[in-house]
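First up is the structure itself, then whatever we jot down about it.
Remember, it's a predicted structure, so these values are computed and weren't measured experimentally. In this chain, residues are counted from 1 in sequence order. Every number for a ligand or one of its atoms is a count from 1 in the order of the listing. When reading the values below, keep in mind they use all heavy atoms of this one structure, side chains included, and skip hydrogens, waters and symmetry mates.
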Amino acid sequence: MIEIHAIILAAGKGTRMNSNKPKVLHTIADISLLEHALIKAKIVCSHVHVVYGHMGEMVRDSVTDKKINWIEQSEQLGTGHAVSQAVPYIIDNSVSLIMYADVPLIKVSTLNSLVELAKRSGVSLLTVDLEDPSGYGRVIRKDNLIQSIVEHKDAKQDESNITEVNTGFIAIKTNLLKKYLKTIETNNSQSELYLTDIIESAVDDGRIIESLITTDRFEVAGVNDKVQLAEIERAFQQKQAVTFMQEGLTIKDPNRFDCRGALKFGTDCIVDINVLFEGNVEIGDNSSISSNCVIKNSTIGNNVNILPNSVIENAVIGDGASVGPFSRIRPDTRIGDNAKVGNFVEVKKTTIGNNSKVSHLSYLGDATVGDEVNIGAGVISCNYDGANKHKTVIKDGAFIGSNSELIAPIVIGENSTIGAGSTITEDAPNEALTLSRTKQSTYKKWRRPSKK
Ligand code: UD1
Ligand code: CA
């Protein structure tokens, strides 16, 4: 099988991003622009070369894959110069696929088609028709055949009117690429080595340039500034939302849906507006996520209700459970089947058993709560002594009265009851009422002070 080599151009400064970070490290759906390009390149190509320049170390360090061939282009002398840096590493009998690191939404199927066309006829070019082609290289055709590419800055008036433009994606047999790169010169308005000049060289050499025209302008849209970054983020999110809806997820408003990671879901799940999924999230059947929730790296069971404004991270929520509104479920938490965690409840590193309830205004940290437990409003597991964290264990069937503090380490026995307002410092036995409360007093003759 013929080797396919990706040459990803990533040396540009990205001045218009106005950032201290190299452009290609800005993200779409939490994945860097460069990583988006690499993911596609690795699917289509057997070898990947990245031409980097600006803040090179940061760019290289951002990628963990050890198989990437990094090529430094210390001065950005044009796209032709950039590609010239990479070709010495590529065998003649192969196809080179030139990609841009700042074009994140390119489709694998498009790249595959481009490579197939190049295998057949030597050179292929991906183009797009744009309402406003300004800034792009125009595709010059004669009798419908591509003759050359003229850069915007070099275009004459009639050429400027052409709306078919070069996307930058080119596939070409490497022996031809090497041959034509030798022919290009800097005799243009920017005094750069234009890669695009190889097209005319190929035509002069008697070749027919194959072309592929995409109708999806976002697929070939590059990121030059933060406005375009946001546009492409939205395009990515909308496409993803469409895929999820086609797979059966109900999304109330795909314009207000974000998933930065991988989302799996069962049948008849509903996602209301402004929900953000991050990392790996799995949802069972018949579950609903209400508006303004953030869910990260978590597993949500069947028939779960996540009510508005809840934040869930690294947690497992059991079948039939209800969480929120305004719950914060922090990492390493497991919430049992049919359990309820209500408003203004924070839970961290805690297991809550089946059918247990923590309905209002509580904090549970480093706790193990059994089944059928009822935790009243304002209960706090005092897990931290200022130096160390300690565990709270609440056994099955316990009832913790409102506004109680459980000073950990502590064990609350099975079916025990803690009287409201208690500060519990020692283990509470099973099946008994435990409380710590100062006796109530009434002073009948007491009068409120009055203003002098
Ligand atoms: C280029 C194409 C133009 C096309 C447009 C599509 C050329 C001469 N022009 O123009 O036909 O319509 O892209 O977006 O190829 N880069 C390097 N090293 C360099 C120069 C550029 O790595 O020395 C990288 C940039 O980081 C960028 C890509 O190559 O990712 C394109 O370079 P850019 O300067 O943006 O080219 P354009 O003028 O936009
Ligand atoms: Ca550009």
Quiz item: Below 4.0 Å from any atom of ligand 1, is there a heavy atom belonging to D102?
Solution: yes
Exercise. Could you give me the CA-CA distance, side-chain angles and deciding distance for H152 and S134, then say whether side-chain hydrogen bond (donor to acceptor under 3.5 Å, both in side chains) is met?
Key: CA-CA 7 Å; H152 180 88; S134 50; 5.5 Å; no
Self-check item: Y194 side-chain N/O to T196 backbone N/O, donor-acceptor pair under 3.5 Å
Solution: no
Quiz item: If you count the atoms of ligand 1 from 1 in the order shown, which ones are under 4.0 Å from a heavy atom of L9?
Solution: 22 (O), 24 (C), 29 (O), 30 (O)
Quiz item: For ligand 1, which part of T167 has a heavy atom less than 4.0 Å away: the side chain, the backbone, both, or neither?
Solution: backbone
Quiz item: Are a donor atom and an acceptor atom from the side chains of T299 and E282 found within less than 3.5 Å of each other?
Solution: no
Exercise. First locate atom CD1 of I106, then atom CG of L97, and finally report the distance between them rounded to the nearest 0.5 Å.
Key: 8.5 Å
Exercise. Quick one: pull up CD in E192 and OG1 in T186 and give me the separation to the nearest 0.5 Å.
Key: 10.0 Å
Exercise. Determine, using ring centers only, whether H36 and F236 are less than 6.0 Å apart.
Key: yes
Quiz item: Can you list the residues that meet the salt bridge (charged side-chain N to carboxylate O under 4.0 Å, His left out) rule with K349, with sequence neighbours excluded?
Solution: none
Quiz item: Do any nitrogen or oxygen atoms of G12 lie less than 3.5 angstrom from nitrogen or oxygen atoms of ligand 1?
Solution: yes
Quiz item: Side chain, backbone, both or neither: which part of E151 has a heavy atom under 4.0 Å from ligand 1?
Solution: side chain
Quiz item: Out of curiosity, is Q73 lining ligand 1, as in a heavy atom under 4.0 Å away?
Solution: yes
Exercise. Could you tell me the separation between the CG atom of N302 and the CD1 atom of I317, rounded to the nearest 0.5 Å?
Key: 13.0 Å
Quiz item: Would one find an N or O of A101, backbone or side chain, under 3.5 Å from an N or O of ligand 1?
Solution: no
Practice problem: Please could you name the atoms of ligand 1 that G137 approaches to less than 4.0 Å, counting only its heavy atoms? | Solution: 3 (C), 4 (C), 11 (O), 12 (O)
Self-check item: Under 4.0 Å to a heavy atom of A10 - the qualifying atoms of ligand 1, by number
Solution: 22 (O)
Quiz prompt | Charged N-O contact under 4.0 Å between R234 and D258 | solution = yes
Quiz item: Looking only at non-hydrogen atoms, which of F169, Y194, Y100, Y136 approaches atom 2 (C) of ligand 1 most closely?
Solution: Y100
Exercise. State whether the shortest distance between N or O atoms of V51 and N or O atoms of ligand 1 falls below 3.5 angstrom.
Key: no
Quiz item: Hey, is G222 one of the residues with a heavy atom under 4.0 angstrom from ligand 1?
Solution: no
Quiz item: Using the ring of each side chain (for Trp, its six-membered ring), is F244 parallel, tilted or perpendicular to F257, with breaks at 30° and 60°?
Solution: perpendicular
Quiz item: Does ligand 1 have a heavy atom under 4.0 Å from the side chain of A82, from its backbone, from both, or from neither?
Solution: side chain
Practice problem: Report, in ascending order of atom number, the atoms of ligand 1 lying under 4.0 Å from any heavy atom of L77. | Solution: 23 (O)
Quiz item: Does a side chain donor of either D92 or T174 reach within less than 3.5 Å of an acceptor in the other side chain?
Solution: no
Practice problem: Decide whether an N or O pair under 3.5 Å exists between E75 and ligand 1. | Solution: no
Quiz item: Under 4.0 Å from any heavy atom of T79, which atoms of ligand 1 are there?
Solution: 7 (C), 8 (C), 15 (O), 20 (C), 21 (C), 29 (O), 31 (C), 32 (O)
Practice problem: Compute the shortest N/O to N/O distance between T196 and ligand 1 and return yes if it is under 3.5 Å, no if not. | Solution: no
